[in-house]
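Working notes, structure below.
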Amino acid sequence: MVVTHRQPISLVTGICAGRLLGVSDTIPNITIPADLLPSDGRFGSGPSKVRTQAVDALAATGTSFMGTSHRKDPVKDIVLRMQDGMRQLFSLPSDWDVMIGNGGATILWDALTFGFIAQKSQHLSFGEFGSKFAKAAQQAPHLTDPTVIESDVGSHPVLVADDAIDTYCFTHNETSTGVAMDVTRPLGAAGLICVDATSAAGGMRWSPEQADLYYFSPQKCFASDGGLYIALASPAASTRIDEIAASDRWIPAGLDLKTALDNSRKKQTYNTPSLATIFMTMHMVEWMNKNGGLEFAAGRCDESSSHIYDWADSHHLATPFVSDLSMRSSVVCTIDFDDVVTADTVASVLAANGIVGTDSYRKLGRNQLRLAAFPAIDPDDTRALTACIDYVIGELT
Ligand SMILES: *Cc1c(COP(=O)(O)O)cnc(C)c1O
């Protein structure tokens with residue numbers, strides 16, 4: 001086994017190295033003037049810009065935090081600060097839980113098919129992430145086939161109230177396409193509302209009255225690192241988790257939401273988490289709260305994203321991909337380019353100048369740049385970014 005694995009890996013590495021060389025050969029040699037550059041060049045949609053202040057604060061903990069037990073107070077205190085920070089940021093009612101677990105949103109989808117969907121779910125599928133969760137539910141042998149409602153990329157469909165549905169699932173912001181939708185309980189729906197808010201949470205407004213499970217990974221708006229999921233759970237959601245755990249359904253221990261819920265209430269995770277991720281998430285949520293909470297954070301996203309859309313609207317070679325204004329994301333902006341500009345080349349030139357993460361979502365296959373407008377990103381840097389793109393396009397055309 002070891003031998004058969006080794007060979008293809010070295011082969012692939014060889015090919016990759018060759019390809020990388022090939023690409024860098026063809027990147028036009030363009031130097032963006034230093035006075036145009038943003039102070040921080042990270043515009044990726046995940047992993048996203050981590051504030052250097054968070055990294056510095058983590059380093060400043062020295063010997064007191066990293067490398068210590070996640071079952072002891074120095075770490076549990078930070079977990080609690082992170083949980084309390086989320087309660088404050090989202091104005092959660094006191095009977096909500098702030099669940100945490102390992103594996104990020106992707107692994108949580110599997111856990112939800114075991115421990116949250118009772119029998120039949122409804123999914124909105126309008127991009128990569130929503131469709132992956134729908135597929136997980138479709139493949140789960142113990143569930144009834146879900147209802148999946150699709151729409152063209154660049155738009156979103158709407159939930160349809162249905163008595164047969166116990167769980168409604170959708171994405172607050174579809175990171176792959178830059179389409180956002182409001183978190184709203186469909187009129188007359190009795191099922192629970194389960195929201196993938198991975199790239200929206202902390203950057204977009206929503207009300208806890210409209211959702212039951214609002215979950216995310218912290219490497220997007222929370223400017224932290226990956227590997228963790230955070231799931232805000234209403235009392236109805238935690239009751240659902242308890243009920244399924246008490247049923248005779250087989251649930252793998254690592255995907256057991258009841259175990260995650262119980263551990264979260266003790267400021268812990270079932271197995272060892274990334275302490276750095278937890279620390280930097282805590283640091284970011286406290287920074288948001290100190291500066292005015294969700295209104296402050298979402299306001300920064302609004303400022304950056306409206307600058308990007310206004311810029312694209314007035315640019316003769318650029319067009320916002322999402323044409324319906326009500327569906328345009330305020331945290332991830334997708335901008336299409338006229339054929340005379342190759343967006344990938346623009347992204348490569350930007351990267352060579354230290355501005356990274358602007359490439360489009362590969363599978364979307366458009367001549368597009370995707371620009372994050374997350375709370376950590378300074379709107380002044382967003383203005384610098386579009387000036388840099390203008391400069392590069394000017395040099396290329
Ligand atoms: C990034 C992302 C995910 C996947 O998050 P992981 O932490 O990599 O599992 C899921 N949903 C959305 C909307 C995302 O943006």
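Nothing here was measured: the structure is a model prediction, and the numbers come from that model. Whatever order the structure lists them in is the order used to number ligands and atoms, beginning at 1.
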Item checked: Main-chain N/O of Thr175 paired with Arg370 side-chain donor or acceptor, under 3.5 Å -> yes
Check: Will you find, in the side chains of Asp390 and His315, an N or O donor that is under 3.5 Å from an N or O acceptor?
Finding: yes
Item checked: Heavy-atom side-chain contact between Phe222 and Leu89 under 4.5 Å -> yes
Check: Looking only at protein heavy atoms, which one is nearest to atom 15 (O) of ligand 1, and how far off is it?
Finding: Thr175 OG1, 2.3 Å
Next item on the list: Check whether any N or O atom of Asn173, backbone or side chain, sits under 3.5 Å from an N or O atom of ligand 1, and answer yes or no.
Entry: no
Next item on the list: Would you indicate which of Glu128, Lys220, His172, Lys132 comes nearest to atom 2 (C) of ligand 1 when only heavy atoms are counted?
Entry: Lys220
Next item on the list: Mind telling me whether His283 and Phe279 have parallel, tilted or perpendicular rings, with 30° and 60° as the class edges?
Entry: parallel
Item checked: Distance-only donor-acceptor check, side chains Asp324 and Ser326, under 3.5 Å -> yes
Margin query: Could you identify the single nearest non-hydrogen protein atom to atom 8 (O) of ligand 1 and state the distance to 0.1 Å?
Written below: Gln219 NE2, 3.6 Å
Check: Cationic tip of Arg240 within the cone over Phe116's six-membered ring, i.e. under 6.0 Å and within 45° of the normal?
Finding: yes
Notebook entry, point to check: Taking the six-membered ring for Trp, are the ring centroids of Trp287 and Phe296 within less than 6.0 Å of each other?
Noted result: yes
Notebook entry, point to check: Do any nitrogen or oxygen atoms of Thr171 come within less than 3.5 Å of a nitrogen or oxygen of ligand 1?
Noted result: no
Notebook entry, point to check: Do side-chain atoms of Asn367 reach the backbone of Val341 as a donor and acceptor pair under 3.5 angstrom?
Noted result: yes
Next item on the list: Between Tyr361 and ligand 1, find which residue part has any heavy-atom pair under 4.0 Å and reply side chain, backbone, both or neither.
Entry: neither
Note to self: Please report whether ligand 1 has a polar contact with Ser217, defined as an N or O pair separated by less than 3.5 Å (distance criterion only).
What the structure shows: yes
Item checked: Contact check, Tyr215 vs ligand 1, heavy-atom distance below 4.0 Å -> no
Notebook entry, point to check: Just which atoms of ligand 1 are under 4.0 Å from any heavy atom in Ser199?
Noted result: 15 (O)
Notebook entry, point to check: How close does the nearest protein non-hydrogen atom get to atom 10 (C) of ligand 1, and which residue and atom is it?
Noted result: Phe129 CD2, 3.3 Å
Checklist line | Shortest protein contact, atom 11 (N) of ligand 1 (heavy atom only) | finding: Asp196 OD2, 2.7 Å
Item checked: For Trp109, atoms of ligand 1 separated by under 4.0 Å from a heavy atom -> 10 (C), 11 (N)
Next item on the list: Please write down residue, atom name and distance for the protein heavy atom closest to atom 9 (O) of ligand 1.
Entry: Thr106 OG1, 2.5 Å
Notebook entry, point to check: Can you tell me if Gln368 and Asp336 form a side-chain donor-acceptor pair at under 3.5 Å?
Noted result: yes
